Novice: 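Here it is, the structure in full.
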Amino acid sequence: MKIAITGKGGVGKTTLAGVLSRVFAAEGSNVLAIDADPDANFASSLGIKEEEYSKIVPFSKMKELAQERTESQEGYGSYFKLNPKVDDLPEQYSLEHKGVRLLTMGTVDQGGSGCVCPEHTLLKRLMKHLLFERDDIVIMDMEAGIEHLGRATAESVDALVVVVEPGRRSIQTASQIYKLANDIGIKNVYVVGSKVKDKEDIGFLRSQLKDFEVIGAVSLNDDVKKADLQGVSAYDISEKIVNEVLSIKSEILSRLEK
């Protein structure tokens, strides 16, 4: 199962991604957590200590590895392999914590109209491998847009979860994501409310996002801030959030099994 989680920055999507990854792992699943957000902080939401995740180098910055795998050579107009070997990379370069393997993708800096370079090629091939060719549960924490998924990989995403807080800007971002998802062929798009205080907040989200299926919510909870300050996952200190995410997980599974 491949689940992509997105939403406006600051709405709580990484918290959801982290707790959902831990929930699946606690049930015995092989889980790959993919940090595809340039503002990478998936590690902390999983409970990985800063001294460990500060050593992580994103794949997009592994220039020597990219050159080795693509067999590229420096110089204008050089040739390199477009289908490099990547199947061994998740095990070599992941950081394991509580049954979850974390991979950090990063972004490739591209000037002007873009480039096809060894780093970009490696990243694209690795994403394809993770989404198409592995049997793991993949939880991908994405930036607010989903353009970088592209049509070629959209069909491999079983569910796109858009995290939305009760606010106009967050709802506007969700609507834009919904249109993009339809454009590239993602069929199962769901909303999870975040920082929700009461039933009125849920009602507001449902009224504003009528095209979406709202499958659950994570309540406004001081434990999220507490977890961040302590450098642990909300999974480890908040039974309430764990139960809310368990319910969200069940809703996703029940819809995908239909």
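Just so you know, residue 1 is the first one in the sequence shown, and it goes up from there. A quick note: this is a predicted structure, and the numbers were derived from the prediction, not measured.
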Novice: Please report the closest heavy-atom contact between Ile171 and Val164, naming both atoms and the distance.
Specialist: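 Closest approach of Ile171 to Val164, heavy atoms only: CG1-CG1, 3.9 Å.
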Novice: For the pair Thr104 and Asp35, evaluate side chain to side chain donor-acceptor pair (under 3.5 Å) and give the outcome as yes or no after the intermediate values.
Specialist: CA-CA 5 Å; Thr104 301; Asp35 199 335; 4.8 Å; no
Novice: Check Leu123 against Ser60 and note the closest heavy-atom contact, atom names and distance.
Specialist: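 Distance-wise, the nearest heavy atoms are CD1-N, 4.1 Å.
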Novice: Report the distance from atom OH of Tyr93 to atom CD1 of Ile56, rounding to the nearest 0.5 Å.
Specialist: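 Going from OH on Tyr93 over to CD1 on Ile56, the span is 13.5 Å.
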Novice: Say whether, by atom type as modelled, one donor and one acceptor occur between the side chain of Lys13 and the main chain of Met142 under 3.5 angstrom.
Specialist: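 Present.
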Novice: Decide, yes or no, whether a salt bridge links Glu213 with Arg255 under the criterion of side-chain N to carboxylate O below 4.0 Å.
Specialist: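 Looking at Arg255 together with Glu213, the answer is yes, because their closest N to O distance falls below 4.0 Å.
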Novice: Let me confirm one number: the CE-CE distance from Met127 to Met140, rounded to the nearest 0.5 Å.
Specialist: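 So the gap between those two atoms works out to 4.0 Å.
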Novice: List the steps, then state whether side chain to side chain contact (heavy atoms under 4.5 Å, CB included) holds for Phe24 with Val138.
Specialist: CA-CA 10 Å; Phe24 273 114; Val138 174; over 6 Å; no
Novice: Under a single-linkage definition using a 4.5 Å side-chain heavy-atom cutoff for Ile, Leu, Val, Met, Phe, Trp and Tyr, are Val214 and Val162 assigned to the same hydrophobic cluster?
Specialist: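 Linked within one cluster.
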Novice: CD1/Ile3 to CD1/Ile252 distance, rounded to the nearest 0.5 angstrom?
Specialist: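 Rounded to the nearest 0.5 Å, the CD1-CD1 separation comes out at 4.5 Å.
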Novice: Is the CG atom of Asp88 crowded by more than 12 outside heavy atoms at less than 6.0 Å?
Specialist: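 For Asp88, atom CG is crowded (more than 12 foreign heavy atoms under 6.0 Å).
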Novice: Let's go through Glu244 and Ile241 carefully: what are the C-alpha distance in whole Å and the side-chain angles of both, what is the deciding distance for side chain to side chain contact (heavy atoms under 4.5 Å, CB included) to 0.1 Å, and is it a yes or a no?
Specialist: CA-CA 5 Å; Glu244 289 169 342; Ile241 290 178; 4.1 Å; yes
Novice: What distance separates Gln67 CD from Cys117 SG, expressed to the nearest 0.5 Å?
Specialist: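 So the CD of Gln67 and the SG of Cys117 are separated by 10.0 Å.
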Novice: For Glu251 versus Ser254, what's the shortest heavy-atom pair and its separation?
Specialist: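 For Glu251 versus Ser254, the nearest heavy atoms are O-OG, 2.9 Å.
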Novice: Return yes when atom CD of Glu200 has more than 12 non-hydrogen atoms of other residues, nucleotides or ligands closer than 6.0 Å, and no otherwise.
Specialist: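 No.
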Novice: Please step through salt bridge (Lys or Arg N to Asp or Glu O under 4.0 Å) for the pair Arg22 and Asp236, ending with a clear verdict.
Specialist: CA-CA 9 Å; Arg22 292 286 302 274; Asp236 294 315; 2.7 Å; yes
Novice: Assess whether atom NZ of Lys249 is packed by more than 12 heavy atoms of other residues, nucleotides or ligands within 6.0 Å.
Specialist: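 Yes, the 6.0 Å shell around NZ holds more than 12 heavy atoms from other groups.
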Novice: Quick check: does any side chain N or O of Gln172 sit under 3.5 Å from a backbone N or O of Ser175, one acting as donor and the other as acceptor?
Specialist: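 It does not hold such a pair.
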Novice: Do you know the tightest heavy-atom contact between Ala26 and Tyr235?
Specialist: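 Residues Ala26 and Tyr235, closest heavy atoms: CB-OH, 3.2 Å.
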Novice: Is there a donor-acceptor pair closer than 3.5 Å between any side-chain N or O of Asn182 and the backbone N or O of Tyr178?
Specialist: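 Yes, the answer is positive, given that a donor and an acceptor are paired below the 3.5 Å cut-off.
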Novice: Hydrophobic clusters here meaning ILVMFWY residues chained together by side-chain heavy-atom distances under 4.5 Å, can you tell me if Leu95 and Val232 are in one?
Specialist: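 No, Leu95 and Val232 fall in different hydrophobic clusters.
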Novice: Could you please spell out the steps behind the side chain to side chain contact (heavy atoms under 4.5 Å, CB included) verdict for Val100 and Ile139?
Specialist: CA-CA 10 Å; Val100 180; Ile139 309 293; over 6 Å; no
Novice: Counting only N and O atoms by type, is there a donor-acceptor contact under 3.5 Å from the side chain of Asp198 to the main-chain atoms of Asp201?
Specialist: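 Checking the backbone N and O of Asp201 against the side chain of Asp198, a donor-acceptor pair under 3.5 Å is found.
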Novice: Between Asp223 and Lys226, is the closest basic N to carboxylate O distance under 4.0 Å?
Specialist: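 Answer for the salt bridge query: yes.
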Novice: What's the separation between atom CD1 in Ile184 and atom NZ in Lys179, rounded to the nearest 0.5 Å?
Specialist: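 Between atom CD1 of Ile184 and atom NZ of Lys179 there are 11.5 Å.
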Novice: Looking at Ser45 and Phe42, would you say the former's side chain and the latter's main chain have a donor-acceptor pair under 3.5 Å?
Specialist: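 Pair found, side chain donor or acceptor close to backbone of Phe42.
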Novice: In this structure, are over 12 heavy atoms from other groups packed under 6.0 Å from Glu50 atom CD?
Specialist: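 Open: at most 12 neighbouring heavy atoms sit under 6.0 Å from CD of Glu50.
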Novice: Does Lys2 offer a backbone N or O that forms a donor-acceptor pair with the side chain of Asp158 under 3.5 Å?
Specialist: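 Yes, Asp158 side chain to Lys2 backbone: donor-acceptor pair under 3.5 Å.
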Novice: Ignoring hydrogens, what is the shortest heavy-atom contact between Val157 and Leu160? Give both atom names and the distance.
Specialist: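 Nearest pair, atom of Val157 first, then Leu160: CG1-N, 4.2 Å.
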Novice: Mind checking whether Ile237 and Val23 sit in one hydrophobic cluster, side chains of I, L, V, M, F, W, Y counted as touching below 4.5 Å?
Specialist: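 Unlinked, Ile237 and Val23 end up in two clusters.
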Novice: Decide yes or no on side chain to side chain contact (heavy atoms under 4.5 Å, CB included) for Ser21 and Leu46, but give the supporting numbers first.
Specialist: CA-CA 8 Å; Ser21 298; Leu46 292 168; 3.7 Å; yes
Novice: In terms of side-chain geometry, is the basic nitrogen of Asp87 or Arg125 positioned less than 4.0 Å from the acidic oxygen of its partner?
Specialist: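 Answer for the salt bridge query: no.
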Novice: Should we count CZ of Arg169 as having more than 12 external heavy atoms under 6.0 Å?
Specialist: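 No, CZ of Arg169 has 12 or fewer neighbouring heavy atoms, counting only those of other groups under 6.0 Å.
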Novice: Of all the heavy-atom pairs spanning Pro84 and Thr121, show the shortest one and how long it is.
Specialist: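 Reported closest heavy-atom pair: CD-CG2, 4.1 Å.
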Novice: For Glu91, is there an ion pair with Arg134 - N to carboxylate O distance below 4.0 angstrom?
Specialist: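 Here Arg134 pairs with Glu91 in a salt bridge, since their nearest N and O are under 4.0 Å apart.
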Novice: Rounded at 0.5 Å granularity, tell me how far CD1 in Ile48 sits from OH in Tyr53.
Specialist: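 Ile48 atom CD1 to Tyr53 atom OH measures 9.0 Å (nearest 0.5 Å).
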Novice: Give a yes or no on whether Glu64 atom CD has more than 12 heavy-atom contacts from other residues, nucleotides or ligands under 6.0 Å away.
Specialist: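 Atom CD in Glu64 is not crowded, with 12 or fewer foreign heavy atoms closer than 6.0 Å.
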Novice: So, are Glu165 and Lys195 salt-bridged, with charged N and O less than 4.0 Å apart?
Specialist: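 Looking at Glu165 and Lys195, the cut-off is met.
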